[in-house]
Structure formats: structure tokens, C-alpha cells
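Written out below as C-alpha cells is the structure these notes cover.
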Amino acid sequence: MPVFISSDQRTFYLSGGNTAYILHVDEDRRLLCPYWGSRLPDDTFFYDPKDYFSFISFDLPVLRLPYDVPACGTGWYGTPAVAALNAHGDDVTDLRVVSFRVVPGKPSLPGLPALYAESPEEAETLFILLEDTLTGLQAESCYTVYASSGAVARSLNIRNNGPEPLRLTNVRSASVPLWESNLDLIHLKGAWARERAVIRTPPGEGEYRISSARGASGHEENPFLALCDKNADEFSGRVWAVSLIYSGSFEASCTVDNAEHARLGIGLNPAVFSWLLNPGESFRSPEAVLVFSADGLNGMSQQYHTLYRGRLARGFWRDRSRPVLINNWEGTYFGFTEERLLAIAEKAKEIGVELFVLDDGWFGKRDSDNCSLGDWVVDRRKLPSGLSGLSEKMNALGLRFGLWFEPEMVSPDSDLYRAHPDWCLHVPGRSRTEARQQLILDLSRPEVQDYIISAVSGVLSSASIDYVKWDMNRNMTEAFSETLPPERRMETQHRYMLGLYRVLEAITSAFPHVLFESCSGGGGRFDPGMLYYMPQTWTSDDTDAAERLKLQYGTSFVYPASSMGAHVSAVPNHQTGRSTSLRMRGDVALAGNFGFELDLTQMSPEDLTEAAALVSRVKSLRDLTRTGTFWRLLSPFEGTETAWAFVSADRKEVLFCAYRTLSVPHYPPLRVRLRGLDPGVWYKTEDGAAYHGSVLMNHGLTVPLKGDFTSFILHLKAE
Ligand code: DGJ
């Protein structure tokens, strides 16, 4: 079983795949993590404090202990996993192990998104209860280990078991010591329209911190941080990674101590969080997912992909082919009529598109982004037959119909705001900072949650709607709820997230056959929390094919192709002004959930013919790209060429994709070694060319890329 307990009941091996995470309770009942890395046989590891600190030292010996749940004030000086101010005004918290228990499978986390197990054999969960006897603060540390990979999902349930109130000021879902040095740090940094660029850097001395305080995981950083061996690459070397299943403000850090040893942590952002715990109350942290790979960065990503595609995403669409869609946003922006939409839809049907998505602008009086958010009533000026009429007409054309919403927002110019001016996040007496001329509804309030559930459900029930794009276009300011008492106002951001998750659970379970795609000004909330409710996310508002290489490559560090919305848009591209061929745009977009985002009535007959061929190609490849093992082969962050491949689980089918942005003269042809194939079989292309698996993996494939912004796709099947 994944959890092995030593006979003295002091050492716990959480093992699966090629990984072990070892916990030890020392003689003073402190909970330590003396090892996380390649799998060790059970019962072979012996904790020896001398491995961790020198006895001849002026430092406190307890300083160097490999704490698994570090707290404040008894010799640990780094960022604590649990920090709580007590009624005496100090924050000393001395956590000692009280008891443990193991259960098969994985219990859910009430109210929070989390990984799950489908059978008790897949995973086992260890709960270790720690307590500070003076205050009565109890922290139950939960670890689920997956048998197939050794990935560990962990969270903390903190309870006030004492007689006086406590105030939590920091909660880290994971804070893991690594008895390692000489490492590089990797995170995904960005901005609107260029999200999740791969940053690799030495952590340096002291603390390297990434965070979001925006009330969304954000465009700027993703809730993910990894350390790897200096010489690790995509295919070899050790990698330790943490990812947080949360969509709000977060903080992650790597600390290197004065003995060069690193610690990796992730959790809530203490700059915008504190939580009052009255006697008897509990607080549950979001879940962190810890992945170790001895096979480089692809090994790390493939573990995340398997978990996030199959044990985080849920519901009807989890294991189904996603429809080829057309979204009208870049095609028409706000300037559409029913007639224009139907003209685009007719062309879409002709080229094989399956779903028409109507984006922003269908409700209230919304001719630009300055009004009507909150008034989810169809605008009959633009859509005289309403949503039901339009969706019926789409269905009559043979297309399914989808709709855009931004339910968390309110425009000051809206009936909703006029009726409930207090329903937005704000601080009484201060002005309300607008962004995109909108404010954010206070989702910590149950009546606001109920309004959103009823407004969105009402629209979804009123017409034939098969898809929803759930957008969120600004970050929080004055992020406080008027309804909370002053001593609880710092809870607003997290209470908002809990409210959002309640709303998403209610709506997605009431409409189980609707395909939901999340969005936040593009990829501003591309995180595991949203993927629990919605199996796909709009990757970025940047639809330029060359930029998309970086976007999709960086996103794939954590997230599977099945989660990435990827559309072909018009040229010159609206974000970069760059023109690329339809071929290149299509070859990039087919590596995600494929769609179009342009006015098809403006396309030439030749381009429409090419687009139809592209759609039929996408349909023949989409199950492979959704479920295949994704291999990054050449990085767009390191040169002008990008390559990746999808390999089916049985290794019988392969899709190899290569792209060049700018060509360079007088170079030998590009040759790329494939990975993960069957080395004992011949693979054939549709036109009969044969390649041996062993040759493709060892000698490589010569890639005929000519010119700027070109692509090359090879679909191989084993004989
Ligand atoms: C931001 C999204 O990312 C776009 O795709 C589009 O839906 C706009 N919002 C609409 O306002």
C-alpha cells in the first residue's frame, strides 16, 4: 500500500510510482520530512538528526530540523506553515504530534476544489494530528499519496481546540524541506496576453518569492513553483514541484538557508489574509499537489497532466472529445446582429465546426465594455428572437450553441448596481476603484452567491445552451466585505473564493452536460482550482500563432493540452499585428481545444477550403491530443524552433509537431529526437513513409521547415 508505517510507528513512507515522501516523528514528537525524492524500499530509511545539523554550532539545533509543518517562535525562523496570534498577544506555536490515522482512497475537501480518487486502491490518505498544548491549536496535516505516481496531495485542517480565540496570520498548504543545494528554480511568469513564460533561475541566497494579491491567481504568476538539479533538462535530472489548487491570492517561495539547503512552500498570501478562529472553529487550507520526477521536466509535467486531466477535472466532459467551436469575439467584438452571427454560423457549419459561442455583448445595453454587467437579460435590439430563438436557429443549422458570462462583476451603469449598490467589494467612505469600468460583486455574501446562481441558471434554462465561457476581467481593489465585522474583514478574499466555489459547484452540477470553459482576461485564472469545476480554460487573449508557441509550451509545465483553449484568429493578428499562414495558425491551435475566433464570412474561398481540411484533421487528432502523453522536445524560450509530440498510452499513435518562427541562413536541417515511442516497431505516416521507433528516438527526425513562421506536423501509427 502507498502508506507504509515502520514498526515503531514513527516513520511513514508515502510511496508510489518512482517517488517516496518520508515523514518522521522525532523523540520530541516533532513532525519532520527528512526525505522526498526517488523511491526507496520501505523500511530502509533511518532518520539521524546528525544528518541535519552540526552539534558544534552556535545556532539553535532545532533551527535546522527538517520540519514538515513549521510554526512560529520555538527556533524556526523561516516562513511558517502555521502562524497564529493567540489571546496573550504572542504567536508562539509549538506543534507536536498527538496521533495519526490512515484511510483508503481520498476524502474530499468540503467547499474546496481538490484531487480525488475513483477507487480506494488508487490512493491512501494519512492524517497526522499536531497540537500546541498551551493554546489548543490543532493542525491536522493530510497527505494523500497516489499509488501510480507517488504524487502527494496535502492540506491542513486547523482547529481551535482551546478556550480563547486565535487569529491565523499565515497558512501554507505545503512547506517542504529539501536537503539539497545547487538547484535551479522554475516558475511561470507573465502579463495579460503573455501568460506563463518559463523562468528558470538560481534561487540565490535568502528567499525567492512569487505571489498574487489580486484576488485571482493572476496573469503575473501561476500558483506553481519547482526546483530542479542545475543540470536537469526536459528529459533527465531531478525536479521537485508544488502546485496549489486555488484560484485566489497565493504566495509561493523557495528559501535557501545559510547551509545552502532549500525549502519549497506554497499557500495563501499572508499580505491579504488573516482568519479569526473562535474556540471550536476550524479552517481548511487549499490543497497543494507535490510532484517529484527523476526524469526531468517532462516527467514532472506528465504527472501533473495525468492528475489534472483525470483526477481533478470532473464530469461529463472530462473524458469526451471537445467540440470544434467558433467564438465571435475577435470576429465582431460588440458589433453583431443576429443576422451577422447566423451568416458566420452558416460558414462555420460548412467547414465542419460543431459549436457556436456568442461572446460578450448579448445582454443589457452592452455596446461597449462600459455597462450592463449584472443585467443578464438578452438585448433584443441585437437579438430580436432572444437567446432561445437564436439557439434554435443555430441548432437548426446543425450547430450547438454556447454563451459568454462574466457573473462575478457588476457595471456601475446597470440595473443590478442601482438596486444593490452595496453588493460590490468596497470600503464604506472610500471611492470604489473601477477597472474596465466595472466593480466586483462581493461573493463572500450568500445573497450575492444566490443571485448569481439564479441569474445564470435562469439564462441557461431559457435556451438551448451547451457551453459557457465564464470570464472574469479585473482584479480586486478595496477587497473587503461590508457585511463582515472589523475583526473578520481580512477574511474577505478567501471567503470570496469559497463563495465562488459554492456558486461554481451549484451551477456546474445543475447543468452537468454543459461544457464550461473558464477565462479571466485570457489566462488570468488558469489554475487547478478552476479546472476542478471547468475542464478547460481560455489560455490567453493573445491568439498570435508565434506567441502561442510560448504560451502553450509554458502552460504545459503544469496543465494538460485538454485544458487549453486554442483558437485560429484573423491576420494581421489583433494583439501583435503579425501575419502568419493559416497552416501555421492551425497547426499551433490543434495542440489544444481547437476553435476559430474570426469572421468566417471575410475568409476567401481558398482559405475556407483549407479551414475545412483543418477541421477534419483536428477531428481525427483531437482524442490523441486530449489524452496522449505530451512531450516537450524543443523550447521556444531557447531558440527559434519549437517541437512537441503527443504519444498515445499504448505508444501506437504519435503526433509530432514542429514550428519555426524566424529562419536563420546556412544551418544544417533541424533534427529532433522523439521520446516515449515503442523502440521495437515501425511507425508509418498516412502516405506510407515508414520510420523505426528506435531510429526516431536515437537518431531523430529531420524536419523540413522552410521560411519564417512555418510548421510541420507528422501523424504516425505503429504497423
Ligand atoms: C476577455 C476574454 O479573454 C475575451 O476572450 C473576451 O471574452 C472578452 N473578455 C470579452 O469582454
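One-based numbering, in listed order, for ligands and for the atoms of each. All values reported here derive from a predicted model rather than from experimental measurement.
With respect to the salt-bridge test (charged N to carboxylate O, under 4.0 angstrom), the residues Asp599 and Arg340 qualify.
Because its NZ or CZ atom is both nearer than 6.0 Å to the ring centre of Tyr532 and within 45° of the ring axis, Arg314 counts as a cation-pi partner of that residue.
Just one residue in the list Glu195, Glu220, Glu408 forms a salt bridge (charged side-chain N to carboxylate O under 4.0 Å, His left out) with Arg525, and that residue is Glu408. Among Trp470, Tyr467, Trp362, Phe516, the single residue meeting the ring-ring contact (aromatic ring centres under 6.0 Å, His included) criterion with Phe405 is Trp362.
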Provide, line by line, the atom pairs where ligand 1 and the protein bring an N/O atom each to a distance under 3.5 Å; else say none.
residue  : atom   : partner : partner atom : Å
ligand 1 : 3 (O)  : Gly522  : N            : 2.8
ligand 1 : 3 (O)  : Asp541  : OD1          : 2.4
ligand 1 : 3 (O)  : Asp541  : OD2          : 3.1
ligand 1 : 5 (O)  : Lys469  : NZ           : 2.7
ligand 1 : 5 (O)  : Trp538  : NE1          : 3.4
ligand 1 : 5 (O)  : Asp541  : OD1          : 3.4
ligand 1 : 7 (O)  : Asp359  : OD1          : 2.7
ligand 1 : 7 (O)  : Asp359  : OD2          : 3.3
ligand 1 : 7 (O)  : Trp404  : NE1          : 3.1
ligand 1 : 7 (O)  : Lys469  : NZ           : 2.9
ligand 1 : 7 (O)  : Asp471  : OD2          : 3.3
ligand 1 : 9 (N)  : Asp471  : OD2          : 2.7
ligand 1 : 9 (N)  : Asn473  : OD1          : 3.4
ligand 1 : 9 (N)  : Asn473  : ND2          : 3.3
ligand 1 : 11 (O) : Asp360  : OD2          : 2.7
ligand 1 : 11 (O) : Arg436  : NH1          : 2.9
ligand 1 : 11 (O) : Arg436  : NH2          : 2.9

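Of the N and O atoms on the side chains of Ser569 and Thr543, at least one donor lies less than 3.5 Å from an acceptor on the other residue. Of the N and O atoms on the side chains of Asn473 and Gln438, not one donor lies less than 3.5 Å from an acceptor on the other residue.
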